Amino acid sequence: MTAISREISETSINLASDTLSSGALPYDIAQTLLPRFFNEMSLDDGDIRQSYHNFFQWLNQQSIEQLNKLNGQATSHFYKKGITFTVYSDADGTERVIPFDIIPRIIEQKEWKILEAGCDQRIRALNAFLHDVYHHQDIIRAGIVPADQVIAHDSFQPWMLNVDLPGKVYAQISGIDLIRHGDGQYYVLEDNLRTPSGVSYMLEGRSISQKLMPEIFASHKISPVHDYPVLLKQTLIANSLVANPTIVVLTPGRFNSAYYEHAFLAREMGVPLVNGYDLFVEGNEVFLKSVRGKVRVDMIYRRLDDPFLDPLAFRPDSMLGVPGLMAAYRAGKVMIANAPGTGVADDKSIYPYVGDMIEFYLGEKPILHNVPTWQCRKKDDLNYVLAHLSELVVKEAQGSGGYGMLIGPKASQAELEDFRRRLTDDPAAYIAQPTLALSVCPTLVEEGIAPRHIDLRPFVLSSPGQVKITPGGLTRVALTEGSLVVNSSQGGGTKDTWIIDLEDTTLPVMTHDAAGGIA
């Protein structure tokens with residue numbers, strides 16, 4: 001058993017006794033957060049972290065009623081703007097407003113610089129891996145990544161073999177999910193390279209923070225995020241094959257869970273939002289139907305999964321894509337961001353090899369480390385997972401949205417037995433990880449202010465020769481007491497993420513131990 005597994009199994013996840021009752025502040029926030037979880041606001045001795053000092057003073061001047069009013073105004077703002085998502089697990093596909101918490105997650109700039117460098121390094125290695133597996137496959141020949149985990153991967157696209165892309169960039173837009181464990185270190189939980197979402201929540205969350213808390217917001221030197229749409233458009237231009245490309249955002253339609261974001265980004269970039277039926281291929285070129293006639297399209301920012309992109313290349317029953325699109329793409333007549341086939345690099349069974357990719361392609365040591373992972377396709381790993389199922393988190397290798405997960409310490413006996421059968425029947429479909437002690441941040445909930453677990457998704461934009469990372473990204477929060485699942489589809493919400501510049505800061509610089517791990 002790993003040190004993390006022992007820590008979690010020996011300490012109850014129940015935080016009920018630590019919830020603040022509603023009523024007037026001030027309060028001793030440090031006493032509401034268990035020391036085994038990294039406390040984003042306070043130190044173990046109860047002192048407030050320097051990064052939170054000004055905000056803590058402001059918070060102590062507010063009543064619970066005032067904070068609830070601010071959160072209510074944020075919800076109303078999101079509702080009026082149509083900032084919603086669809087819960088596919090509901091029988092009727094319920095559309096909901098994303099919950100937003102007014103208490104921000106604050107990160108000091110010196111600490112952020114390390115995260116920024118780590119994400120930059122990671123995405124450069126992942127893009128190098130994608131170019132390699134669709135060309136010479138050197139990493140497979142070197143015996144670092146098994147061939148069957150690449151070639152037999154559901155997301156490996158033979159259509160992409162020997163396709164040369166500008167700067168060898170395949171994932172132009174990425175989201176790297178990070179968690180901070182109880183040891184204070186950040187770890188990469190997941191790479192999102194296909195159609196990562198959530199950036200609109202980041203931008204709207206910042207907008208509402210500035211609107212509802214203007215005085216306290218102005219008292220901090222907070223790195224801006226408002227220029228993300230400009231940077232996104234610059235990235236798409238830089239990855240195109242022409243100097244002044246016509247760009248479109250391709251959406252599966254208004255019933256998609258992230259449709260608001262598709263429309264938001266198209267509007268902010270000043271480019272058309274299109275469905276598959278708005279485009280057609282003629283002479284290996286892609287055209288947009290418009291009132292002025294046909295307009296040639298040079299760059300497609302697609303928010304559509306690979307199987308639906310082109311019914312002539314992938315699923316023949318797809319009504320969402322563009323017939324002939326892949327032929328035009330291979331002919332170099334149009335660019336697609338992200339490139340088809342990127343999913344082969346962000347599968348959870350490929351994730352354990354990213355540290356090796358960094359050393360193989362870049363000749364560098366990883367700045368950010370993975371969470372220890374058992375690959376159930378391996379006999380010894382499977383045996384370990386089956387023997388310690390009640391202590392681990394088990395995930396579908398190609399799962400997303402928090403679906404298809406087992407959190408062992410929280411599972412019933414029936415759930416454990418169900419997953420035991422799944423693992424035995426199809427071990428290659430699953431990975432397992434220790435139950436991490438995700439850091440906690442004060443959050444406004446029904447009972448008052450209480451600790452809730454959070455993660456962080458920085459957004460990475462990659463162009464030939466350049467990687468840009470928006471300072472902060474999206475903080476997701478598990479609003480359900482004791483929950484470690486932050487996904488909005490599972491009841492999670494969002495917080496604004498403030499990267500602040502502190503002069504003469506006393507915060508320690510984050511370092512990794514020589515072993516580079518938490519196991």
Side-chain angles (χ1 to χ4, degrees), residues 123-124 126-138 150-151 155-174 193-195 232-251 266 269 271-272 274-290 293-316 318 320-345 361 461-467:
I123 197 60
R124 286 187 290 117
L126 285 165
N127 271 315
F129 172 73
L130 284 163
H131 176 80
D132 184 25
V133 299
Y134 288 118
H135 287 78
H136 302 297
Q137 301 182 346
D138 291 332
V150 176
I151 307 302
S155 294
F156 182 79
Q157 298 295 359
W159 276 88
M160 292 301 298
L161 289 170
N162 299 315
V163 174
D164 294 319
L165 302 181
K168 302 178 182 179
V169 176
Y170 286 70
Q172 292 87 357
I173 303 99
S174 311
L193 309 181
R194 306 181 203 201
T195 54
L232 173 60
K233 189 171 185 179
Q234 290 174 353
T235 297
L236 296 175
I237 293 171
N239 282 280
S240 71
L241 298 171
V242 298
N244 187 27
T246 297
I247 301 170
V248 299
V249 176
L250 175 60
T251 177
M269 288 192 291
V271 304
V274 302
N275 294 95
Y277 53 73
D278 295 315
L279 305 176
F280 67 96
V281 175
E282 186 176 278
N284 271 350
E285 295 182 337
V286 180
F287 294 94
L288 169 66
K289 303 171 188 174
S290 77
K294 64 182 186 182
V295 177
R296 177 173 167 172
V297 173
D298 304 296
M299 168 61 80
I300 299 174
Y301 175 28
R302 56 93 171 220
R303 299 299 297 262
L304 189 62
D305 292 337
D306 284 4
F308 303 99
L309 277 175
D310 180 352
L312 299 182
F314 305 122
R315 285 184 52 160
S318 172
L320 302 175
V322 185
L325 176 59
M326 286 304 296
Y329 183 66
R330 283 189 60 87
K333 300 295 185 179
V334 69
M335 294 302 297
I336 302 174
N338 287 346
T342 53
V344 74
Y361 296 115
L461 298 174
S462 302
S463 304
Q466 188 174 37
V467 175

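Keep in mind that this is a model prediction, so the values were computed, not measured.
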Could you tell me whether a side-chain N or O of [X] sits under 3.5 Å from a main-chain N or O of [Y], the two making a donor and an acceptor?
X	Y	value
K289	Y277	yes
D306	P340	no
R194	G343	yes
R330	N162	no
D298	V334	no
N127	Y170	yes
R302	N338	yes
N284	A331	no
N239	S462	yes
R124	Y361	no

Side chain to side chain contact (heavy atoms under 4.5 Å, CB included) assessment of L250 paired with V274
CA-CA 5 Å; L250 175 60; V274 302; 4.1 Å; yes

If you look at every heavy atom in P166 and M335, which pair is closest and at what distance?
CD-CE, 3.5 Å

Check E285 against R296 and note the closest heavy-atom contact, atom names and distance.
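Scanning both residues, the minimum pair turns out to be OE2-NH1, 2.9 Å.
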
Go through the steps for V150 and Y134 under the test side chain to side chain contact (heavy atoms under 4.5 Å, CB included), then give the verdict.
CA-CA 10 Å; V150 176; Y134 288 118; over 6 Å; no

Test item: M269 and V249 side chains (from C-beta on) under 4.5 Å apart, heavy atoms
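Contact flag for M269/V249 side chains = yes.
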
Would you indicate whether H135, at its atom NE2, is surrounded by more than 12 heavy atoms from other residues, nucleotides or ligands within a distance under 6.0 Å?
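Correct, the count exceeds 12.
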
Yes or no on side chain to side chain contact (heavy atoms under 4.5 Å, CB included) for K294 and F280, after CA distance, side-chain angles and deciding distance?
CA-CA 9 Å; K294 64 182 186 182; F280 67 96; 3.8 Å; yes

